[in-house]
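Only one structure is covered here, and it is reproduced in the block below.
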Amino acid sequence: MAGNSSPKIWLSSPHMGGSEQQYVSQAFETNWIAPLGPHVDGFEKQLQDYLGIGHAAALTSGTSALHLALIQAGVESGDYVLCSSFTFSASANPIVYQGAIPVFIDSEKTSWNMDPDLARKAILKLHSQGKKPKALVLVHLYGMPAPMEPFLEICREFQMVLIEDAAEALGSTWKGKAMGTFGDFGVLSFNGNKIITTSGGGALVSDNADAIQKARFLSTQARDPAPHYQHSQIGYNYRMSNVLAGIGRGQMEVLPERIQKRRENHSYYQQELGPLSGISFLPEPEGAFSNRWLTCILVDDEKSGGISREDIRIHLEKDNIESRPLWKPMHMQPIFSDYPFFSSGIAEYLFETGLCLPSGSNLTIADLQRVSGRIKELF
Ligand SMILES: *Cc1c(COP(=O)(O)O)cnc(C)c1O
């Protein structure tokens, strides 16, 4: 076996398109080195047009976008908010920033996202105790869309604000409509490992013009209109800088290519590894188009002749290839383990058996061959 001298293959690394640097230079030349500025406006316009949504506010992160969505949903101390358990902690942290109580909901099998029947069960149980949850944070994990109809229905029926965490799902669609545009709010992330990146950044999107205007106001320290500094609300420093928005403008130009390449990575792995006994992939449910941000495999060691997820991960690591277990569910996290949880057992199973393979849009065919070759040699 090759030692650690093999070149590193990352899980998902930044991939610039070429024009980003020109936009950044332009920001320098015009001295727009600030939050706000023409690149921020331009980037927001590109996001709106791409998603087919009325309004977008470019922010410092997906986490800050979630936080502002919860604030606008009226979530306050002691309130209840439903949240996918199978996700990254950033989906749940802002609920706790507000002093509210996350109620974690397990996954269903077809998309790995929140189980709508369990969500309904949780809401009915809370209502029976006189507690009315105010919002629902629905995550489209690994770019796979959650089938939307039941969530739209639940949120209408129980008057809850629907917040889509589409941090991993830019470019994914459900029945042809972009993820992040179904709910009252959609959240995007441009962190370094996402499908496109501004090095760090995020956006809050909505068809509600007032809500996005309010997000811009809150994200720039909530300054009242006055010549002096006057504040009648608590503000945040969450606005994206004009320099980083320049990177975003360049990245938006190559987003369709990035999605296509990630999907090709997924097809390649499926073709090479699909025939191995005990390895399975998540197919797109009817109506779903996934950006395939990360390709995930499940490893059933009863069918693979005893080869486990960890065996594969460690074997890849020895050849300098980064792979990761799927997200550890929130109800299993020490910091969240005391919060209410409605279980189907699926998220735990996915965590125990799942592995994310290198999925960057900058992987070469030789990289993909190396990864799948290493896995195949174990079988
Ligand atoms: C990355 C991510 C976030 C947070 O986005 P940041 O821009 O890193 O703050 C939120 N939710 C999910 C599911 C993510 O993957």
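Whatever order the structure lists ligands and atoms in, that order sets their numbers, starting from 1.
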*Yes or no on salt bridge (charged side-chain N to carboxylate O under 4.0 Å, His left out) for R156 and E153, after CA distance, side-chain angles and deciding distance?*
CA-CA 5 Å; R156 211 177 303 125; E153 193 182 307; over 6 Å; no
_Residue and atom name of the nearest protein heavy atom (relative to atom 9 (O) of ligand 1), distance in Å to one decimal_ =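 Answer, as residue, atom name and distance: T63 OG1, 2.5 Å.
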*Pick, from G62, A92, G200, the option with the minimum heavy-atom distance to atom 6 (P) of ligand 1.*
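It is G62 whose heavy atom sits nearest to atom 6 (P) of ligand 1.
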Do any N/O atoms on [X] end up under 3.5 angstrom from N/O atoms on ligand 1?
X    : answer
E168 : yes
S189 : yes
W327 : no

Of all the atoms in ligand 1, which lie at a distance below 4.0 Å from a heavy atom belonging to [X]?
X    : value
T87  : 13 (C)
G201 : 7 (O)
A90  : 3 (C), 4 (C), 10 (C)
A167 : 2 (C), 3 (C), 10 (C), 11 (N), 12 (C), 14 (C)
S91  : 11 (N), 13 (C)
N191 : 8 (O)

*Check step by step if ring-ring contact (aromatic ring centres under 6.0 Å, His included) holds for H331 and F336.*
CA-CA 6 Å; H331 71 273; F336 293 125; over 10 Å; no
*Mark yes when over 12 heavy atoms from residues, nucleotides or ligands other than E157 sit less than 6.0 Å from its CD; otherwise mark no.*
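Yes, because the 6.0 Å sphere around CD of E157 holds more than 12 heavy atoms from other groups.
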Can you tell me which portion of [X] lies within the under-4.0 Å heavy-atom range of ligand 1? Options are side chain, backbone, both, or neither.
X    : result
S61  : both
V139 : side chain
D165 : side chain

Is a side-chain N or O of [X] found less than 3.5 angstrom from the main chain of [Y], in a donor-acceptor match?
X    : Y    : result
N208 : A211 : yes
R313 : C356 : no
S107 : A347 : no
D207 : G54  : yes

*Should K194 be listed as contacting ligand 1, given a heavy-atom distance under 4.0 Å as the test?*
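Checking ligand 1 against K194, which is what was asked, there is a heavy-atom contact under 4.0 Å.
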With a cut-off of under 6.0 Å to the ring centre and 45° to the axis, is [X] in cation-pi contact with [Y]?
X    : Y    : answer
R263 : F289 : yes
K177 : F182 : yes
K109 : W112 : no

